[in-house]
Amino acid sequence: YVINNSTITKHDKKNGRLVTSWEDKDSVLNHMNSGIIIEGKLYCINSSYPELPMASSLEVFDPETLTHIDNHSFGILNGSATWIDKYNDFWYVAFAHYSGKGGVENKTNAWTELVKFDSLWRQTESWIFPNKLLEKFGNNSTSGGVILPDGKILCTGHDNFEIYLLEFPAKGFTLNWIDTFSVGSYGQGIALEKSGGSELIYGIIRNENKVVITNLKRISD
C-alpha cells in the first residue's frame, strides 16, 4: 500500500503490479501522511499541512477494495498528525510541529509529541522527543513510526536515511533515544514486517517514486 497526499495504490509485493487504487475525488484529503493495517483495516493519518491552523483526522479504508469506510476527526489538537499505531489496546499518534514551513509562530519542532489514546479517543498520556533527536529532524519533525512488539518505538525524521529506536521513559516525560540504524529511505511513512527472524522496514523515496525495503536484523535485542 502506497499512501500519497490524496491517493492510495495497492500493489502486489512480489512484482509491484498495481492491484487497485483510490483517489479522493472530493479534494477533502490533501495531505495523508502514512498508513497501517490493524485488525483488518487500513488506517491513514491525514493533516492540513502546510496550512494553518494545524488540524488532523484519521481515515479508515477496507484494505481489500480501498473503499473509505470510517473517519475520526482530531480537529485542532496537539499539532499535525503524521503517524499512528496501536499497542496493548491503546492508540498512539505522533503530532508534529515544525521549525520552518508549516510551523506555528513562536513554536518549534520541540513541541512535537507522541500521544496515547484509549479506545474512546481520550488522551491518557503524552511524551516529547529528546532535544538531540530534534536536532536530527532539522526544521522538520517525525514523519513515520511504528510500535514494536516489545513496546519500543521506531521512528523516522524527514530527511535522513536513518531510523531511530526509542523507548518510553521510566521517569519524566521525554522519550529515550537508544539507537540509530541506517536505512535505504528517508523520512515519510514507514511500515514494519517480520520475516524469517528479521524485521523488514518499508520506506519510500518520494522524488524517485521508489519503495525501498531495508532488512534490520535483531532490532529488538
Side-chain angles (χ1 to χ4, degrees), residues 1-5 8-16 31-38 42-45 47 49 80-87 92-101 109 112-114 127-168 174-221:
Y1 299 86
V2 180
I3 314 301
N4 209 331
N5 287 332
I8 303 173
T9 56
K10 178 180 177 179
H11 301 262
D12 188 318
K13 283 199 296 184
K14 294 181 180 179
N15 54 30
H31 195 76
M32 288 195 295
N33 292 289
S34 61
I36 186 170
I37 293 181
I38 300 174
L42 174 59
Y43 292 87
C44 296
I45 282 291
S47 76
Y49 179 88
S80 182
T82 55
W83 59 268
I84 186 171
D85 204 348
K86 193 175 187 181
Y87 178 72
Y92 292 80
V93 182
F95 287 90
H97 276 267
Y98 305 95
S99 301
K101 180 182 177 182
N109 65 358
T112 298
E113 59 182 323
L114 181 62
W127 299 265
I128 64 173
F129 288 72
N131 288 333
K132 291 295 185 182
L133 184 54
L134 293 170
E135 292 176 6
K136 282 272 193 176
F137 293 163
N139 288 330
N140 294 307
S141 187
T142 176
S143 290
V146 294
I147 311 290
L148 298 171
D150 62 2
K152 292 186 175 66
I153 304 155
L154 283 178
C155 78
T156 61
H158 191 275
D159 306 296
N160 301 320
F161 286 75
E162 296 177 338
I163 196 165
Y164 309 107
L165 183 64
L166 308 174
E167 65 180 2
F168 294 102
T174 306
L175 297 170
N176 296 324
W177 177 18
I178 55 179
D179 213 341
T180 301
F181 300 89
S182 296
V183 291
S185 57
Y186 62 92
Q188 313 300 326
I190 57 171
L192 171 71
E193 179 181 68
K194 286 188 172 293
S195 177
S198 299
E199 279 79 15
L200 302 180
I201 296 295
Y202 288 74
I204 62 172
I205 301 179
R206 291 191 65 172
N207 59 5
E208 298 180 17
N209 290 326
K210 285 184 178 180
V211 175
V212 180
I213 305 171
T214 302
N215 189 336
L216 298 178
K217 294 183 179 179
R218 298 183 300 277
I219 198 164
S220 299
D221 291 350

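Sequential numbering from 1 along the given sequence is applied to the chain's residues.
- Closest approach of S34 and G189 over heavy atoms only: CB-CA, 4.0 Å.
- Residues F137 and C155 approach most closely at CZ-SG, 4.5 Å, considering heavy atoms.
- Applying the side chain to side chain donor-acceptor pair (under 3.5 Å) test to N109 and every residue at least two apart in sequence or in another chain returns nothing.
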Using the side-chain contact (heavy atoms from CB on, under 4.5 Å) rule, take I45 and I36 through it: C-alpha gap first, then chi angles, then the decisive distance, then the call.
-> CA-CA 9 Å; I45 282 291; I36 186 170; over 6 Å; no
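- Summarising the geometry of L114 relative to F129, their closest heavy-atom pair is N-CE1, 3.9 Å, with the distance given to 0.1 Å.
- The residues D150 and K152 are annotated as salt-bridged, a charged nitrogen and a carboxylate oxygen being separated by less than 4.0 angstrom.
- Within the model, atoms CG of N33 and CD1 of I84 stand 11.5 Å from one another, a figure rounded to the nearest 0.5 Å.
- Distance alone, capped at 3.5 Å, places no donor-acceptor pair between the S185 side chain and the V212 backbone.
- S143 and H158 make their closest contact through OG-CD2, 3.4 Å (heavy atoms, listed as atom of the first residue, atom of the second, distance).
- N140 has its side chain within reach of Y98: a pair of non-hydrogen atoms, C-beta onward, lies under 4.5 Å apart.
- In this structure H31 satisfies the ring pair (Phe, Tyr, Trp, His ring centres under 6.0 Å) test together with Y49, sequence neighbours excluded.
- Between the side chain of T82 and the main chain of T142, a donor-acceptor pair closer than 3.5 Å is present.
- None of T174, L166, T112, L175 except one satisfies the side chain to side chain contact (heavy atoms under 4.5 Å, CB included) rule with W127; the exception is L175.
- For K132, there are no salt bridge (Lys or Arg N to Asp or Glu O under 4.0 Å) partners at least two apart in sequence or on another chain.
- Between F181 and E199, the closest side-chain pair of non-hydrogen atoms is not below 4.5 Å.
- In this structure, L134 CG and N139 CG are separated by 11.5 Å, a value rounded to the nearest 0.5 Å.
- Of all non-hydrogen atoms in Q188 and T156, the two that sit nearest each other are O-OG1, 3.3 Å.
- Separating the NZ atom in K136 from the CD atom in E162 is a distance of 3.5 Å, to the nearest 0.5 Å.
- Atom CD1 of residue I153 and atom CD1 of residue I163 lie 12.0 Å apart, to the nearest 0.5 angstrom.
- Distance check, rounded to the nearest 0.5 Å: CD of E167 to CG of N176 gives 5.0 Å.
- When the ring pair (Phe, Tyr, Trp, His ring centres under 6.0 Å) test is applied to Y164, the partners found at least two apart in sequence or on another chain are W177.
- Remark: F161 pairs with Y186 by the ring pair (Phe, Tyr, Trp, His ring centres under 6.0 Å) rule, at least two apart or across chains.
- No side-chain heavy atom of W83 sits under 4.5 Å from any side-chain heavy atom of V146.
- Taking I8 as the reference, I3, W22, M32, L42, C44, F61, L66 meet the side chain to side chain contact (heavy atoms under 4.5 Å, CB included) condition, with sequence neighbours excluded.
- Counting all heavy atoms, side chain and backbone alike, G138 lies closest to S99 at O-OG, 4.4 Å.
- To the nearest 0.5 Å, the span separating CD1 on I178 from CG on L165 amounts to 4.0 Å.
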